[in-house]
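Take a look at the structure set out below.
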Amino acid sequence: MKVNTDVTRCQGHGRCALLAPDVFDVDDDGKVVVLLAEVGDEHVAGVREAVTSCPEAALELA
């Protein structure tokens, strides 16, 4: 599965990095950084939780 982000929507809450730290990080400005654009089965649950927890809907799992 592929992770898509819209950094223009990201407000830097950092929930994604807390919920799926192997997949997401935040840069010096607090914006989301995707560490793994293609995620395997071992990361899907955490990424789905991060997607649904993002207040700005800046994340998508396709």
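- Each of Leu35 and Val23 belongs to its own hydrophobic cluster when Ile, Leu, Val, Met, Phe, Trp and Tyr are linked at side-chain heavy-atom distances under 4.5 angstrom.
- Val39 places a side-chain heavy atom less than 4.5 Å from the side chain of Leu61.
- Side-chain N or O atoms of Asp29 include none that pairs as donor or acceptor with a backbone N or O of Lys31 at under 3.5 Å.
- Expressed to the nearest 0.5 Å, how far CD of Glu56 lies from CD of Gln11 amounts to 5.0 Å.
- Remark: Arg48 CZ to Met1 CE distance equals 4.5 Å, nearest 0.5 Å.
- Across Asn4 and Ala62, no two heavy atoms sit closer than the pair ND2-CB, 3.8 Å.
- Of all heavy-atom pairs between Arg9 and Ala57, the closest is NH1-O, 3.5 Å.
- Within the model, atoms NE2 of His13 and OG of Ser53 stand 11.5 Å from one another, a figure rounded to the nearest 0.5 Å.
- Taking every heavy atom of both residues into account, Val26 and Val33 meet most closely at C-CG2, 4.2 Å.
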Practice item. For the pair Leu59 and Cys16, evaluate side chain to side chain contact (heavy atoms under 4.5 Å, CB included) and give the outcome as yes or no after the intermediate values. Key: CA-CA 9 Å; Leu59 307 172; Cys16 53; 3.7 Å; yes
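- No side-chain heavy atom of Glu60 sits less than 4.5 Å from a side-chain heavy atom of Val3.
- Between Phe24 and Leu19 there is no side-chain heavy-atom pair separated by less than 4.5 Å.
- Residues Val32 and Val7 meet the side-chain proximity criterion, which asks for heavy atoms closer than 4.5 Å.
- Looking at every heavy atom in both residues, Ala58 comes nearest to Cys10 through CB-N, 3.9 Å.
- Atom CG of Asp25 and atom CG of Leu36 lie 11.0 Å apart (nearest 0.5 Å).
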